[in-house]
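Encoded as C-alpha cells, the structure appears first; notes follow it.
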Amino acid sequence: MRSVAFAACLFCATTASAADTNIYHAGPSSPLASTRQAWIDLNKNEKKDAYEDPSRPVAKRVDDLLKRMTLDEKIGQLWQVNYDTNADKTFAEKLKRGAIGSFLDSSALIENPVMRNKLQHIAVEQSRLGIPLILGHDVIHGFRTVFPIPLAEACAWEPVLFERTQTIAAREAAAAGIDWTFAPMVDLARDPRWGRIAEGFGEDPWLGALAAAASVRGFQGTNVADPDRVVACLKHFAGYGAAEGGRDYNTTEISEFTLRNFYLPQFKAGLDAGALTVMSAFNDLSGMPASGNRHTLTEILRGEWHFPGYVISDWAAVGELVDHGVAANDADAARLGLTSGVDMEMVSTTYPDTLAQQIKTGKISEKVLDEAVRRVLTVKFEKGLFDHPYADETRCRTAFLRPDAIALAREAAAKSCVLLKNENGVLPISKETKTIALIGPFAEDAEELAGPWSSRGHADDIVSLAAGIRAKLSAVTQLTVVRGCSIIERDSGKPRRHIADSTKITERPTGASEIADAIAVARAADVVVMALGEPRNWSGEDGSRSTLGLSGRQQELFGAVAATGKPVIVILFSGRPLAVPEIQNKAAAILEAWFPGVQGGNGVADVLFGDVNPAGRLTTTFPNSVGQVPVYYNHFSTGRPGTGEYKGNYADGPTAPLYPFGFGLTYTKFDYGKVRLDSPMVKPAGKLVAHLMLTNTGSRAGTETVQLYIRAIAASAGTRPVHELKGFQKILLQPGESRDVTFNLSADDLGYYDTRGNWLVEPGKYQLWLAKDSASGQPAGFELVK
Ligand code: BGC
C-alpha cells in the first residue's frame with residue numbers, strides 16, 4: 001500500500017492521502033516547502049523515524065540511520081560514481097541496493113536536473129532506507145556564466161569578489177541539480193609550469209586564505225541547505241601544487257615546517273569558513289601519497305583541526321595507491337585509504353570491491369567504517385537532502401546568465417586585469433582614435449577566453465576581445481582585425497579542444513601571408529593592439545608546460561609587428577605567468593588579462609579605453625625564464641643574500657623575476673611617503689599602528705593597492721621569509737589627492753607555525769614595509785616586547 005501511495009506523492013510533490021497528511025515531498029518548487037515541516041517516509045514503514053524527522057538534531061538523525069544500515073549499505077555511502085546520460089539504466093540495480101552514495105558529473109554535459117532527479121528517485125524511493133545521493137561537479141569559476149579563472153580573480157585583491165562570483169556560480173549550478181562543487185582549489189603554487197596554478201590563488205598563503213574563506217562563503221552561504229547553495233570542497237589536500245618540475249600529478253617533497261606555514265593555511269581558513277568537504281590529492285607527499293596519508297588526513301585534519309565533514313579522494317586516487325607502490329592490490333589500497341582518512345572514494349572501486357570482506361575478516365574495524373559513513377551522512381543531512389532530495393526542474397530555464405551574473409562577470413574580468421607596462425601613457429586608448437589594428441590569434445577567438453575548467457560555459461555566450469573593443473568605438477574609428485598566426489602550430493603540443501564537448505579544434509594553419517598582412521595592417525594604424533597568449537587547455541589539469549613563452553608562432557608575429565616601430569599594446573591571455581622578457585622590452589604596454597571568462601572582451605575593453613582604471617596586482621611572480629622557476633617572493637634568505645662576490649646569482653641571465661608578486665600599474669602615479677609608526681614597540685596585547693601618506697601625483701583618478709609586508713629578523717623555530725604579506729588596502733584617489741593610509745597590526749599577525757602546528761608569536765625585532773609591491777619600499781623597524 002505504502003509504496004504506491006508514497007511514490008505518487010513523491011513524484012507529484014503534493015500532499016498524500018488524509019492518513020498521511022504530514023508525509024509529502026516538499027522540494028524547492030513546492031509552495032509548502034517554506035510553510036510547513038516536511039518529512040519523507042524514506043524507509044516506507046509509515047512512521048516518522050528519528051532519521052526522517054527534520055526537527056531532530058543532525059547527530060541524532062545520523063545515529064538512528066547508522067544503526068539501521070547493513071554493512072553493504074554503509075560501504076555504498078562511501079562510493080562516488082561518474083554519471084552520464086544513461087545512468088538511470090546503468091546504475092539502477094546498484095542504486096536500489098544502496099550501493100552508491102554519490103555521483104559526479106565530470107563531463108559537464110548536464111545543464112538540468114532531470115537525470116539527477118531520476119537517479120535520486122531510485123535512491124530515495126526504491127532503496128531500503130531511501131538515503132539520498134549527493135551530486136558533485138567541478139564548478140571552479142562559474143557554471144554557465146564563466147567568470148575569470150581563480151588566479152585572475154585573485155589579482156583583484158578583493159576577496160569579497162570570490163564570495164560574489166561563487167554565490168552566482170552556486171546559484172546556477174544548484175539550478176542544474178548540483179549539490180556539491182569540487183572547489184575551491186586552494187593549492188599554493190610556486191611553479192608556473194604547473195597548469196593548475198590557474199585554478200588557485202597564487203603563491204601567498206595569507207592572501208590565499210582570504211580567498212579560500214570567501215569562496216567557501218560564496219558557495220555555501222549562511223545556510224548550505226538553501227536550494228541556491230552548494231557544498232564546498234577544499235582541494236587538493238595536501239601539497240599538490242608543489243609537483244616536481246611543475247609536472248602534474250608528480251611527487252612533492254615538502255618539509256613539515258613549509259607545509260604548515262605555506263601549504264596548509266588556506267585549507268584551515270576554508271574549514272574555519274565552514275567548508276563541509278575536503279578532497280585528498282593525487283600526489284605523493286614527502287614519501288606517502290596524499291590519499292593514503294594518515295598524518296595530513298587524520299592527525300592534522302581531524303586530530304588538530306577537528307574537521308567534522310568528509311574527505312573524498314581525487315579521481316581514482318585510492319586505486320592509484322597501487323600505482324604509487326604503497327599498496328600491493330586494491331584491498332591494500334582501500335585499507336590504506338580508509339584508515340588514513342579518505343571517507344569517500346571517487347570513481348575507482350576498491351571500497352565497494354574489497355571493504356566488506358576486510359571488515360568481515362577483521363582486517364579493518366567496523367568502527368572506522370562507521371566514522372566515515374557518519375561524516376558523509378552528516379553532510380547530506382546538513383545539505384538538507386533527506387528532507388528535500390529533488391531539484392526543481394524549472395529553475396534551470398531562467399537561472400543562467402542573468403543580468404546580475406553578466407554584470408558581475410564583466411566587473412570581475414576588468415578587476416582581474418593587471419597592467420604590467422605602460423610606456424608614455426599609451427593606455428588608455430582614446431575612443432576617438434581613427435584606426436586601430438587588432439592583431440593576434442586571441443583577437444576573435446572567444447572560446448579561448450573561457451579558460452580551463454569552464455564547466456558549462458558555451459562558446460557563443462562569450463564576448464571576444466574584438467567584440468568588446470568594437471562596442472567601445474564610434475563610427476569614426478576603423479578597427480581592422482587580423483589573426484596573424486594560429487594559436488598553436490600543428491603537432492606543436494597538446495591540441496586545443498572545444499569547451500562544449502572537448503572535441504579537438506582543427507585550426508586553420510598560419511597562412512603564408514598572414515604575418516606580412518599583420519605588418520601591413522599595423523603600419524597603417526594609429527594604435528596597434530595585439531592579443532597573444534597560450535591555449536586555454538595548456539593550463540588546468542594535465543596542462544603542464546616545459547616552456548613559458550607564447551604558443552605557436554606568436555613570438556615571431558609579435559617581433560614582426562614590433563619591428564614596424566609602432567607602439568604595440570599587448571594583451572596577454574594565459575592561465576599562468578608567462579616568461580616573456582622580449583615583450584617587456586619591446587611592447588609599449590602590456591595588460592595581463594588571464595582567461596577572463598564570458599564577459600572577457602567587454603571587461604578588458606573597459607580597461608583598455610579607461611572606463612575602468614586597472615587596479616589588479618599580481619599574486620604570482622612572473623619569471624624571466626623557465627630556468628628561474630620556482631621563483632616566489634616569500635622565500636627564505638640564503639646565508640649570502642646580497643653582498644660579496646658569491647651570491648648565488650645566475651651566471652647567464654637575470655636572477656630577479658620579470659615582475660614581482662604584488663606588481664601592477666595604474667593609469668596614474670602614486671607617491672609613497674615614508675612609513676611612520678606610532679610607536680616602534682608593540683606589546684603582545686597591543687597594536688602596531690603604521691601610517692603612510694599616499695598621494696596621487698598623476699592626472700587621472702586611480703586605485704592603489706598599498707601592501708603591508710613584514711619580516712622577522714630572528715625566529716627560534718625556523719627560518720622566516722624575507723617578506724610576508726600581512727595586510728593591504730585598496731585606496732581610490734583623485735588627481736592631486738593625498739590620504740594618510742593607516743594599518744593596524746596585531747601581535748598575532750606576526751605568528752608562524754612550528755613543525756607540530758603550534759602557533760608561535762615571538763618577541764623580537766621585525767621590519768615592516770608599506771609598499772606598492774613585494775620588491776619596493778624601505779622598511780621601518782619595530783620590536784615586539786614581552
Ligand atoms: C581533478 C579534481 C576534480 C576531479 C573531478 C580530478 O581529475 O584532479 O580536481 O575535482 O577530477 O572532476
Side-chain angles (χ1 to χ4, degrees), residues 79-84 87 101-110 134-143 149-151 166 169-170 173 176 178-189 194-201 212 215-216 219 230-243 246-252 266-267 270 275-285 289-291 309-321 323-324 337 342-349 451-457 494 497 499 502 537 539-544 575:
W79 190 38
Q80 183 185 62
V81 180
N82 189 25
Y83 80 112
D84 57 21
S102 174
F103 280 93
L104 89 151
D105 164 22
S106 75
S107 61
L109 292 176
I110 295 155
I134 182 164
L135 284 101
H137 171 61
D138 292 270
V139 188
I140 308 293
H141 52 112
F143 184 70
I149 54 169
L151 182 62
Q166 301 304 24
I178 288 150
D179 309 306
W180 173 26
T181 175
F182 305 124
M185 188 198 93
V186 301
D187 294 311
L188 185 105
W194 189 57
R196 302 197 79 168
I197 193 172
E199 288 175 61
F201 309 125
S215 305
V216 170
F219 286 128
V230 294
V231 171
C233 181
L234 301 165
K235 70 185 189 185
H236 305 80
F237 199 65
Y240 183 42
R247 203 152 56 76
D248 208 2
Y249 317 125
N250 209 5
T251 300
T252 67
Q266 301 86 310
F267 286 95
L276 290 171
T277 69
V278 167
M279 184 183 290
S280 68
F282 285 133
N283 54 293
D284 184 290
L285 175 60
S291 290
Y310 66 88
V311 172
I312 178 153
S313 75
D314 202 341
W315 184 284
V318 176
E320 288 172 11
L321 293 173
D323 303 273
H324 276 288
V342 175
D343 302 306
M344 187 184 280
E345 177 176 25
M346 184 189 283
V347 181
S348 51
T349 60
W453 279 121
S454 44
S455 187
R456 207 54 201 113
K494 197 175 177 178
R497 302 211 168 254
I499 51 177
S502 290
N537 68 331
S539 59
E541 186 176 351
D542 202 17
S544 305

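Numbers here are sequence positions counted from 1. Everything quoted here is computed from the prediction, not taken from an experiment. First listed ligand is number 1; within each ligand, the first listed atom is number 1.
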R497 atom CZ: more than 12 heavy-atom contacts under 6.0 Å: yes
Salt-bridge contact K235-D138 (side-chain N to carboxylate O under 4.0 Å): yes
Distance-only side-chain donor-acceptor flag, T277 / W180, under 3.5 Å: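 Yes.
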Flag for D187-H236: side-chain donor and acceptor within less than 3.5 Å: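 Note: H236 and D187 side chains meet the donor-acceptor criterion.
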Main-chain N/O of H137 paired to D105 side chain as donor or acceptor, under 3.5 Å: no
Candidates N250, T252, N283, D248 - the one meeting side-chain hydrogen bond (donor to acceptor under 3.5 Å, both in side chains) with Y240: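 Exactly one option meets the side-chain hydrogen bond (donor to acceptor under 3.5 Å, both in side chains) with Y240, and it is D248.
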Residues in contact with ligand 1, criterion: heavy atom under 4.0 Å: L104, D138, F182, R196, K235, H236, M279, F282, D314, W315, M346, W453, E541
